[in-house]
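Computed from heavy atoms alone, side chains included, the values below leave out hydrogens, waters and symmetry copies. Whatever order the structure lists them in is the order used to number ligands and atoms, beginning at 1.
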Amino acid sequence: MCGIVGYTGKKEVKDILLNGLKKLEYRGYDSAGVAIEVNGMLVLRRCEGKIANLEKIIHNESIIGTTGIGHTRWATHGRPSEENAHPHTDCKGRIVVVHNGIIENYISLKKRLEKEGHRFRSETDTEVIAHLIEKCMSKAKTKDLLRAVHLAVGYLKGSFAIACISLDDPDTIVAARQFSPLIIGIGKEEHFVASDIPAILEHTRNIISMNDGQIAKLTPKKVDIYDLQMKKVSAQVMNIPWDPVTAEKSGYRHFMLKEIFEQPRTIEETFRGRISLDPAKIFLETMDISTEDIKNIQGIVFIGCGTAYHAGIIGKYIVENEAKIPADVDVASEFRYRDPLVNKNTLVVAISQSGETADTIQAVREARKKGAKAIAICNVIGSSITREVTGVIYTRTGPEIGVASTKAFTAQIVAVYMLALYLGTKKGVIKQQHLSDMINDLLCIPKQIETILKKESLIKVAAHKYFTKKDFLYLGRHYNYPIALEGALKLKEISYIHAEGYPAGEMKHGPIALIDQNMPVVVITTKSSVYEKILSNIEEIKARSGLVIAIANKGDKKLEKIGVDDIFYVPKTSEVLSTILNTVTLQLFAYHVAELLGCDIDQPRNLAKSVVVE
Ligand code: M6R
């Protein structure tokens with residue numbers, strides 16, 4: 001979705017904006033633009049398509065200015081075009097605005113502004129903001145941008161993160177946030193504003209995450225933040241431990257592939273310091289829930305969207321199995337609107353890579369309104385969701401740039417695994433030997449992933465056999481049912497091949513009608529409590545001439561005897577942790593199919609990295 005970057009300081013801003021925008025490309029966009037203040041004039045350059053087009057336009061231009069804002073637009077109101085690209089200006093071209101989010105009342109505002117004589121040049125909702133600021137300046141007889149923005153946002157309904165510049169207030173950027181993420185970067189005699197950390201990570205790791213209803217004024221010398229009553233508020237500066245290099249491709253063809261290969265390390269980072277073997281123990285005190293509170297929990301609800309929801313299903317299963325607490329899982333957009341039965345004895349666990357997914361944020365708010373306790377499993381420090389909950393388990397994977405979630409998902413599995421064991425030990429329902437075995441299994445996972453990654457070429461060979469197929473079915477049972485969903489989601493998002501994930505036991509209740517000699521069925525067959533049942537499902541597929549691609553443990557004689565079309569072997573581990581190894585295999589398979597089809601793997605069509613609107 002849209003991206004914002006802004007800078008005010010002593011350095012030339014053109015490249016800072018372009019490089020920042022490039023770091024936001026992964027969010028998905030269809031046009032881009034910048035506005036730079038140069039000697040009392042605003043230089044505005046915008047274009048449809050990729051940032052490379054914008055770069056071509058301004059490459060040879062000498063645009064020497066030290067304050068500017070830039071934007072990548074993901075079209076909502078009005079088609080992707082130069083006129084609809086941000087920044088947008090007021091009538092006189094003295095005020096420029098970039099905006100993420102949706103202004104819900106823009107039609108009525110536009111009508112009113114047009115009646116008052118304002119001339120609009122785009123089809124966007126954003127343009128009303130520039131004209132509103134202009135109107136507020138003239139109505140309040142002020143040139144003060146901060147004051148005018150404060151008055152203007154009072155008219156807006158919906159979600160917004162905005163950054164504006166005015167020629168009447170040079171060296172100043174005013175930013176405002178309501179339900180759409182916005183951060184401020186603190187440098188030495190320079191300040192940044194951005195919608196996402198990677199945009200400014202090469203310049204500073206000291207970051208303030210703005211809250212909803214806040215307005216900030218940035219100049220090279222200082223940053224002041226105000227609430228909606230224009231009372232100055234203090235803000236916490238956080239140090240983001242991410243290394244800027246982790247936001248680079250480092251020789252890989254795609255971020256997605258790099259992120260798949262990072263998993264041995266990211267999984268280790270996620271459990272490091274949170275588990276010990278001697279004595280076997282889980283340390284999740286950062287969750288900030290007392291042992292007494294844990295004993296009082298009567299139910300746990302996992303919520304998330306997309307891939308994070310799949311991690312939630314694993315969370316439900318493992319919490320019930322290990323902590324013996326009834327658990328549920330819900331898609332955040334369903335949970336928030338279905339009047340869920342939660343109360344002070346419910347623990348809601350929100351799972352989100354970005355911490356900015358609008359539906360998940362609102363679902364957490366809904367749960368808290370009803371008195372539930374809420375914690376988050378999240379990858380981005382200081383993101384919106386982490387500020388809505390009482391405790392956070394951070395997945396420490398570094399920035400995930402590929403739109404298709406990979407390393408964040410496997411880290412989320414590790415997080416729900418540790419959470420279940422932590423709750424189970426606090427409740428006294430897990431035997432010490434069992435805990436020790438489970439921790440031991442987890443410690444082996446990074447090395448086991450490496451053995452899968454080494455066999456990437458075999459997965460690529462199989463991808464060659466299947467990449468022209470039009471439909472895929474993915475089947476798994478119990479812990480590996482969500483992995484079937486995740487495998488299918490990965491394939492469809494990056495290759496645009498239709499794929500469906502199903503619990504294997506459901507195949508007979510409908511999807512079996514689809515099976516013929518053209519239908520590859522990916523079956524997760526690793527050793528588990530439901531292994532024999534899965535073998536029967538494979539027989540059923542074969543009886544209908546379906547193509548079977550199995551994921552299995554080496555030396556699986558029974559499977560080899562049945563005879564399937566392809567087998568990807570993965571190391572043996574416990575049933576719950578097999579989900580991680582099977583996932584890595586399916587990520588590589590989806591990646592190579594998409595690569596063979598020539599798809600835009602890191603920025604698949606129509607998708608956005610964080611879905612910050614409903
Ligand atoms: O940032 P979040 O984890 O909250 O994002 C949730 C989903 O939008 C995300 O997992 C999406 O499904 C990915 N494209 C999956 O690869």
Side-chain angles (χ1 to χ4, degrees), residues 1 26-28 74 179-181 195-198 254-257 259-260 263 266 270 302-315 329-336 348-364 374 376-389 392-395 397-413 415-416 474 482-483 485-496 499 501 583-584 586-591 594 599-614:
M1 288 200 162
Y26 72 97
R27 293 171 66 100
W74 187 80
F179 307 136
S180 203
S195 51
D196 207 354
I197 298 169
H254 296 97
F255 277 110
M256 179 178 176
L257 190 61
E259 287 159 4
I260 292 172
Q263 289 175 108
T266 53
T270 299
F302 290 89
I303 46 176
C305 302
T307 289
Y309 166 70
H310 300 156
I313 304 177
I314 298 174
V329 58
D330 214 341
V331 168
S333 54
E334 288 295 311
F335 180 89
R336 63 182 283 199
V348 167
V349 184
I351 306 180
S352 174
Q353 185 285 128
S354 61
E356 301 295 351
T357 301
D359 283 320
T360 313
I361 297 173
Q362 290 304 336
V364 170
I377 292 172
C378 188
N379 197 38
V380 180
I381 296 173
S383 56
S384 302
I385 287 173
T386 66
R387 285 175 290 133
E388 297 282 341
V389 294
V392 185
I393 305 172
Y394 280 109
T395 47
T397 76
E400 188 180 66
I401 307 288
V403 163
S405 188
T406 52
K407 61 179 179 175
F409 178 60
T410 49
Q412 286 161 358
I413 298 176
V416 295
Y474 283 69
I483 304 311
L485 297 180
E486 176 62 10
L489 178 65
K490 276 311 75 109
L491 187 71
K492 76 181 113 183
E493 353 183 50
I494 61 168
S495 72
Y496 317 140
T583 295
V584 175
L586 294 179
Q587 291 167 346
L588 283 171
F589 181 67
Y591 173 84
C599 297
D600 189 352
I601 292 180
D602 283 335
Q603 293 157 47
R605 69 180 181 211
N606 306 337
L607 285 178
K609 181 65 182 164
S610 11
V611 184
V612 295
V613 291
E614 260 199 82

Checklist entry - Side chains of Gln263 and Thr410: do they bring a donor and an acceptor to under 3.5 Å? => result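 Side-chain D/A pair, Gln263 to Thr410: present.
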Checklist entry - Any chance the side chains of Glu400 and Ser405 put a donor and an acceptor closer than 3.5 Å? => result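 Looking only at side-chain atoms, Ser405 and Glu400 do form a donor-acceptor pair, the distance falling under 3.5 Å.
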Item to check | Every residue of the protein that comes under 4.0 Å of ligand 1, judged on heavy atoms | outcome: Cys305, Gly306, Thr307, Ala308, Ser352, Gln353, Ser354, Thr357, Val403, Ala404, Ser405, Lys490, Glu493
Next on the checklist: Any carboxylate oxygen within less than 4.0 angstrom of a Lys/Arg side-chain nitrogen, looking at Arg605 and Asp600?
Outcome noted: no
Next on the checklist: Using the ring-ring contact (aromatic ring centres under 6.0 Å, His included) criterion, which residues pair with Phe335? Sequence neighbours excluded.
Outcome noted: none
Item to check | Residues which pass side chain to side chain donor-acceptor pair (under 3.5 Å) with Thr307, listed by chain and number, not counting sequence neighbours | outcome: Glu486, Lys490
Next on the checklist: Could you work out, with side chain to side chain donor-acceptor pair (under 3.5 Å) as the rule, every residue matching Ser383, not counting sequence neighbours?
Outcome noted: none
